[in-house]
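What follows is a set of notes on a single structure, which appears directly below.
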Protein chains: 2
Amino acid sequence: MAIFSKTCEYAMRAVFYVAQRSHEGYKVGIKEIAEQINSPEPFLAKILQRLSKEGLIQSVKGPNGGFYFDAASLNRPLADIVTAVDGNAIFTGCGLGLTYCSEANPCPLHEEFKKVRNQITYMLNNTTIGKFNLGLIKGKFSLNK
Amino acid sequence: MAIFSKTCEYAMRAVFYVAQRSHEGYKVGIKEIAEQINSPEPFLAKILQRLSKEGLIQSVKGPNGGFYFDAASLNRPLADIVTAVDGNAIFTGCGLGLTYCSEANPCPLHEEFKKVRNQITYMLNNTTIGKFNLGLIKGKFSLNK
DNA sequence: TCTATAAAAGACAAAAATATCTTTTATTAA
DNA sequence: TTAATAAAAGATATTTTTGTCTTTTATAGA
């Protein structure tokens, strides 16, 4: 088990890739995205459809169409993508899967697990979709395999 | 999606419960464990079977039998349970699910995600199976719902 | 030794996540 | 206004995770 679902991993990789291409002035087709981030094309298509319906990514049909981000979207936190795809369990859930776990009714791992959640929350709120555009263009980061 | 699989959540809850009862001098049957940690009994049975086969938990069949921990096992880190059940992806995996992600070939989240992994690793290595026995006996912690 | 108990083992079932395929709709450009 | 392109939508398939049921094996105690 990884921290994020496959769906979420693909979503994050795709989002970073599309952001980079948007920054360079392009729209990107699903085929190119799937190839570049090494994900199954039809499955990724479904994921981006969902993000599109929620207004988290922009898309246009037809020739020269594809996916892209407008300036406002590039400034959204990655947390918005994760929430849309995996829900908010990762930000608020109990490490032992207990529904009523809380400060008042803690599970044994509560205190330490809070630190994990906070670190994840910080990471995802502090990372905008467009944050790595320059690094990606310079080839500093990998999104493939 | 939660951080750990259901399987792993049940395993951790069960382990803490059995540890507490062991500390009190009892062996525990699968039925009691399942009730007390609110998990599906036959599913939990399979999980404990696996842990038992790996020597992480002790068990005896027959009347007055059940699951328990010997002193050495009580001192094992919770990480051993998680590894047995969920593998080591949570300790070493890439946040974006990339196989070749590393210091030399990092994904965009690599640096921040490392902190998350380190926090999880610390939590699970620093927590022994028997760590919460007294707290559980005193009713300080919850394992149910 | 016989019976009751409780875990181990194996087969099976349901649900959720992951993945694919086909048809429809929107858009562009000739 | 037609043809080509590319996303959206819907139906279907596969795999993995989660959950159940039945039979077998080990142990204790009468």
Side-chain angles (χ1 to χ4, degrees), chain A residues 1-15 18 21-22 26-35 37-69 82 84-87 89-90 96-97, chain B residues 1-15 17-18 21-22 26-35 37-69 82 84-87 89-90 97:
Chain A
M1 267 266 303
I3 294 252
F4 301 107
S5 66
K6 279 271 163 211
T7 309
C8 192
E9 290 174 354
Y10 295 151
M12 292 189 288
R13 304 217 296 264
V15 151
V18 174
R21 298 290 282 157
S22 291
Y26 300 107
K27 298 195 196 77
V28 211
I30 187 68
K31 189 171 176 180
E32 177 183 334
I33 306 172
E35 269 164 13
I37 70 162
N38 192 42
S39 76
E41 187 188 318
F43 187 56
L44 182 63
K46 285 294 176 196
I47 299 169
L48 294 189
Q49 248 175 60
R50 244 163 85 192
L51 296 181
S52 171
K53 217 184 307 188
E54 301 206 28
L56 291 170
I57 195 171
Q58 283 69 54
S59 73
V60 295
K61 294 180 180 181
N64 306 317
F67 294 92
Y68 67 100
F69 287 107
V82 172
V85 163
D86 271 0
I90 203 161
L96 300 187
Chain B
M1 268 265 303
I3 293 253
F4 301 107
S5 68
K6 279 272 163 212
T7 309
C8 191
E9 290 174 353
Y10 295 149
M12 292 189 288
R13 304 217 296 264
V15 150
Y17 181 74
V18 174
R21 298 290 282 156
S22 292
Y26 301 106
K27 298 195 197 77
V28 212
I30 187 68
K31 189 172 176 179
E32 177 183 335
I33 307 172
E35 268 164 15
I37 71 161
N38 192 43
S39 76
E41 186 188 318
F43 187 55
L44 181 64
K46 285 295 176 195
I47 299 169
L48 294 190
Q49 249 175 60
R50 246 163 83 192
L51 295 181
S52 171
K53 216 184 307 188
E54 301 205 28
L56 292 170
I57 195 171
Q58 284 68 55
S59 73
V60 295
K61 295 180 179 181
N64 307 317
F67 294 93
Y68 67 99
F69 286 107
V82 172
V85 164
D86 272 359
I90 204 161

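Quick caveat, the model's predicted, so the values are computed rather than measured. Chain identifiers are assigned alphabetically (A, B, ...) following the order of the sequence lines, protein sequences preceding nucleic acid strands; residue numbering begins at 1 within each chain.
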About how many Å separate [atom2] of [Y] and [atom1] of [X], when rounded to the nearest 0.5 Å?
| X | Y | atom1 | atom2 | result |
| --- | --- | --- | --- | --- |
| A:Asp86 | A:Ile3 | CG | CD1 | 11.0 Å |
| B:Leu44 | B:Asn38 | CG | CG | 11.0 Å |
| A:Leu96 | B:Cys8 | CG | SG | 9.0 Å |
| B:Ser5 | B:Ile90 | OG | CD1 | 9.0 Å |

Whether the side chain of B:Ser22 engages the backbone of B:Val18 through a donor-acceptor N/O pair (distance < 3.5 Å, no angle test) should be reported. yes

List the residues meeting ring-ring contact (aromatic ring centres under 6.0 Å, His included) with B:Tyr10, not counting sequence neighbours, and say none if there are none. B:Phe43

Considering every strand and a 4.0 Å limit on heavy-atom distances, what is the contact class for A:Val28: base, sugar-phosphate, or nothing? sugar-phosphate

Please enumerate all residues that pass side-chain contact (heavy atoms from CB on, under 4.5 Å) together with A:Gln49, with sequence neighbours excluded. A:Lys46

Please list, chain by chain and in numerical order, all residues satisfying side-chain contact (heavy atoms from CB on, under 4.5 Å) with B:Asn64, sequence neighbours excluded. none

Mind checking what makes salt bridge (charged side-chain N to carboxylate O under 4.0 Å, His left out) contact with B:Lys6, not counting sequence neighbours? B:Glu9

Of all of residues 37-44 of chain B, which get a heavy atom below 4.0 angstrom from DNA chain D, listed by number? B:Pro40, B:Pro42, B:Phe43

Please enumerate all residues that pass side-chain hydrogen bond (donor to acceptor under 3.5 Å, both in side chains) together with A:Thr7, with sequence neighbours excluded. none

Take A:Phe67 and A:Gln58 through the side chain to side chain contact (heavy atoms under 4.5 Å, CB included) test and state the conclusion after the steps. CA-CA 6 Å; A:Phe67 294 92; A:Gln58 283 69 54; over 6 Å; no

Students should find that the nucleotides of DNA chain D closing off the region near chain A, any atom under 4.0 angstrom from a heavy atom, are D:dA4 to D:dA11

What closest approach, in Å, do B:Arg50 and B:Val85 show between heavy atoms, and which atom pair accounts for it? NH2-O, 3.2 Å

How close do A:Ala84 and A:Leu56 get, counting heavy atoms only, and between which atoms? CB-CD1, 3.5 Å

Reading DNA chain D 5' to 3', what string of ( ), [ ], | and . shows its pairs, if Watson-Crick and G-U wobble pairs count only when both distances fall under 3.5 Å? ||||||||||||||||||||||||||||||

When the distance from CD1 of B:Ile30 to C1' of C:dT5 is rounded to whole Å, what number comes out? 15 Å

Distance, rounded to the nearest Å, where B:Lys46 contributes NZ and C:dA13 contributes P: 15 Å

Close N/O contacts between protein and nucleotides 26-28 of chain C (under 3.5 Å):
unit_1 : atom_1 : unit_2  : atom_2 : d
C:dA26 : O4'    : A:Lys61 : NZ     : 3.4

Which pairs of donor and acceptor atoms, one on a side chain in residues 27-34 of chain A, lie under 3.5 Å apart (sequence neighbours left out)?
unit_1  : atom_1 : unit_2  : atom_2 : d
A:Glu32 : OE2    : A:Tyr17 : OH     : 2.5
A:Glu32 : OE2    : A:Arg21 : NE     : 3.1

Tell me which residues in residues 6-13 of chain A lie within less than 4.0 Å of DNA chain C, going by non-hydrogen atoms. A:Lys6, A:Thr7, A:Tyr10

